[in-house]
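When a residue number appears, it is its place in the shown sequence, counting from 1.
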Amino acid sequence: MTIRDLTATDNFFLLAGPCVIESEDMAMRIAEKIVSLTTDRNIPYVFKGSYRKANRSRLDSFTGIGDENALRVLRKVRETFNIPVVTDIHSAEEAEMAAEYVDVLQIPAFLCRQTDLLMAAAKTGRIVNIKKGQFLSPQAMKFAAEKVVAEGGEGRVMLTERGTTFGYQDLVVDFRGIPQMKAFGYPVIMDITHSLQQPNQTAGVTGGMPELIETMAKAAIAVGVDGLFIETHEDPTVAKSDGANMLKLDLLEGLLDRLLRIRAAVR
C-alpha cells in the first residue's frame, strides 16, 4: 500500500478500530463492520489497533494480550479483509518487528521527536504516521517528517493532529494547524477521539468528551483534512483502553454519511 492509494478518491480516508487489540474475535467483528461501511461509500480504509498500549496512567491498566498474539491478529485482519493495518511502535527495536505484520507504523505523540524511532520506522519501508505531540506547534512537525525522509521515507510520511495541552486536564485543537501542516506536502490526518481526551484525571483514568466527536470531525473535514482517525468499539463502556473518548461502533455509519456530504460541499 502507498499513500497514493489512500488519497486516490475524492473522499477522506479513514483510520479506525479499537484502541488496543483486546481479542481476535472483537478485532475481526469491528473490521468486518467498518470494511462494509467504507466499501459502500468508496472511503479508503486502514484498520487501526495497538498491539500494546505502552502509555497508561496506572500500573494496573490493561496493556494488551501479548505482542506476538496481537500482531498476529493484525495480520489476520489484513489478510482476511485485504485491507492495510496500522499500529503504534514505541522504540526503534519494535519497528522491524511490527513492520512484518502491518502497513503503517504510527509514532505516538509523546515520542514524535525521537530521532532513533523515526529513522528506524523509515528504514522498514512502511508508511510512517507521526502524531503531533501535545506540546508541539504544527510548524515543528516539519522537522519530525524530515527525519523520516532523510532515511528514505520520501512519499511515505503522514502527519496527525491530536490536540494541544490546555492546562493540566484538557486538550484544545487549533484548526489552523491542519493547513499549516498540509503546506509541508504530507497528508494530514485529524485524530478525532484522542483530541477529545481529558488526561491526567485524579482517578488515574483518562476522561473524554465523546459527545463532541461529530463536531470535531465536521470541523476537520471543513478545513480540508485528508484523513480521519477514529477509535471505535462495540461498547465503549467496557473498552479496556480509552473508552471515555471512543465512538460507539453503531454510530459510525450515520457519521460517515454526514461527513461525506460536508466533504462534497467543500470540494
Side-chain angles (χ1 to χ4, degrees), residues 1 13-41 43-58 60-90 94 97-106 108 129 131 160 162 189 191-197 205-208 210-211 213-214 217 227-256:
M1 185 199 71
F13 58 90
L14 179 69
L15 289 77
C19 176
V20 62
I21 300 299
E22 299 177 14
S23 71
E24 179 180 309
D25 288 345
M26 181 203 72
M28 296 296 286
R29 289 194 305 270
I30 291 176
E32 182 177 22
K33 174 68 173 179
I34 302 178
V35 165
S36 175
L37 296 177
T38 53
T39 299
D40 289 346
R41 291 160 177 79
I43 298 173
Y45 172 49
V46 182
F47 177 85
K48 185 272 169 185
S50 294
Y51 69 88
R52 174 164 29 98
K53 194 68 175 176
N55 177 26
R56 304 306 309 273
S57 298
R58 289 169 37 163
D60 60 352
S61 296
F62 177 80
T63 58
I65 60 174
D67 291 357
E68 289 190 13
N69 288 337
L71 286 167
R72 283 195 292 267
V73 171
L74 289 170
R75 182 163 59 190
K76 183 172 181 178
V77 168
R78 180 190 193 193
E79 294 176 350
T80 300
F81 300 105
N82 193 29
I83 56 172
V85 296
V86 57
T87 198
D88 302 273
I89 57 172
H90 318 91
E94 293 180 25
M97 173 186 71
E100 295 182 17
Y101 297 85
V102 304
D103 304 271
V104 183
L105 298 175
Q106 185 162 276
N129 181 32
K131 299 183 79 170
T160 293
R162 56 95 69 237
I189 300 163
D191 183 343
I192 303 300
T193 45
H194 285 104
S195 295
L196 293 170
Q197 284 183 329
V205 178
T206 297
E211 67 275 11
I213 288 174
E214 182 160 339
L228 295 180
F229 182 110
I230 299 175
E231 288 189 335
T232 184
H233 195 282
E234 295 162 317
D235 184 358
T237 64
V238 300
K240 295 183 178 179
S241 178
D242 283 1
N245 52 270
M246 275 186 174
L247 178 72
K248 194 172 188 297
L249 185 59
D250 289 347
L251 301 177
L252 182 59
E253 181 173 11
L255 176 61
L256 291 177

* CA sep, side-chain torsions, deciding dist, call: T80, M28, side-chain contact (heavy atoms from CB on, under 4.5 Å) -> CA-CA 9 Å; T80 300; M28 296 296 286; 3.6 Å; yes

* To do: Let me see the working for L256 and I43 under side-chain contact (heavy atoms from CB on, under 4.5 Å), right down to the final yes or no.
  => CA-CA 9 Å; L256 291 177; I43 298 173; 4.2 Å; yes

* To do: Given side-chain contact (heavy atoms from CB on, under 4.5 Å), test L228 with I189 step by step and report yes or no.
  => CA-CA 5 Å; L228 295 180; I189 300 163; 5.7 Å; no

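When side chains are defined from C-beta on, I83 does not count as touching V46, because their heavy atoms never get closer than 4.5 Å. Put simply, the side chain of V77 does not reach to within 4.5 Å of the side chain of I30, judged on heavy atoms. At least one side-chain heavy atom of M26 sits less than 4.5 Å from a side-chain heavy atom of S23. Looking at V86 and Q106, their side chains come closer than 4.5 Å, going by heavy atoms from C-beta outward. The closest side-chain heavy-atom distance from E234 to K33 is not below 4.5 Å. You'll find the side chain of P84 stays beyond 4.5 Å of the side chain of F13, heavy atoms only. The closest side-chain heavy-atom distance from K248 to H233 is not below 4.5 Å. Annotation: side chain of Y45 is in contact with side chain of V35 (closest heavy-atom distance under 4.5 Å).
Of all heavy-atom pairs between I89 and A98, the closest is CG2-CB, 3.7 Å. When all heavy atoms of M1 and V104 are compared, the closest pair comes out as CE-CG2, 3.6 Å. Shown here for I192 and A217, the closest heavy-atom pair between the two residues is CD1-CA, 3.5 Å. Nearest heavy-atom pair across G243 and A239 is CA-CB, 3.9 Å. The two atoms that bring F47 and P18 nearest to each other are CZ-CD, 3.6 Å, heavy atoms only. For the pair G17 and I34, the tightest heavy-atom approach, listed with the atom from each and the gap, is N-CD1, 4.4 Å.
Without hydrogens or angle criteria, N245 side chain to T193 main chain gives a donor-acceptor distance under 3.5 Å. Judged by distance alone, the side chain of K48 and the main-chain N or O of C19 form a donor-acceptor pair under 3.5 Å. Between the side chain of D103 and the main chain of V85, a donor-acceptor pair closer than 3.5 Å is present. Formation of a donor-acceptor pair under 3.5 Å by the E94 side chain with backbone atoms of H90 is found in this model. Looking only at distances, a side-chain donor or acceptor of T87 sits under 3.5 Å from a matching main-chain atom of G49. Side chain of S50 to backbone of K53: no donor-acceptor contact under 3.5 angstrom is found. Remark: side-chain polar atoms of T232 are paired, donor with acceptor, to backbone N or O of L247 under 3.5 angstrom.
For the pair E253 and R41, the salt-bridge criterion is met [side-chain N within less than 4.0 Å of a carboxylate O]. Ion pair R72/E24 not flagged as a salt bridge, since none of the NZ, NE, NH1 or NH2 atoms sits closer than 4.0 Å to an Asp/Glu carboxylate oxygen.
In this structure, a donor-acceptor pair under 3.5 Å is absent between the side chains of D191 and T160. Judged by distance alone, the side chains of T237 and D235 do bring a donor and an acceptor atom under 3.5 Å apart.
In this structure, OH on Y101 lies 11.0 Å from CD on E79, to the nearest 0.5 angstrom. Summarising the geometry, atom CG belonging to L252 is positioned 5.5 Å from atom CG belonging to L37; distances are rounded to the nearest 0.5 Å. The CZ atom of R162 sits 6.0 Å away from atom NE2 of H194, with the distance rounded to the nearest 0.5 Å. In this structure, I230 CD1 and I213 CD1 are separated by 7.0 Å, a value rounded to the nearest 0.5 Å. Rounding to the nearest 0.5 Å gives a distance of 14.0 Å between OH of Y51 and CZ of R75. The CD atom of E22 sits 8.0 Å away from atom OG of S241, with the distance rounded to the nearest 0.5 Å.
For K131 and F229, the positive end sits near the middle of the six-membered ring, less than 6.0 Å away and at most 45° from its axis.
Atom CG of D40 has more than 12 neighbouring heavy atoms from other residues, nucleotides or ligands inside a 6.0 Å radius.
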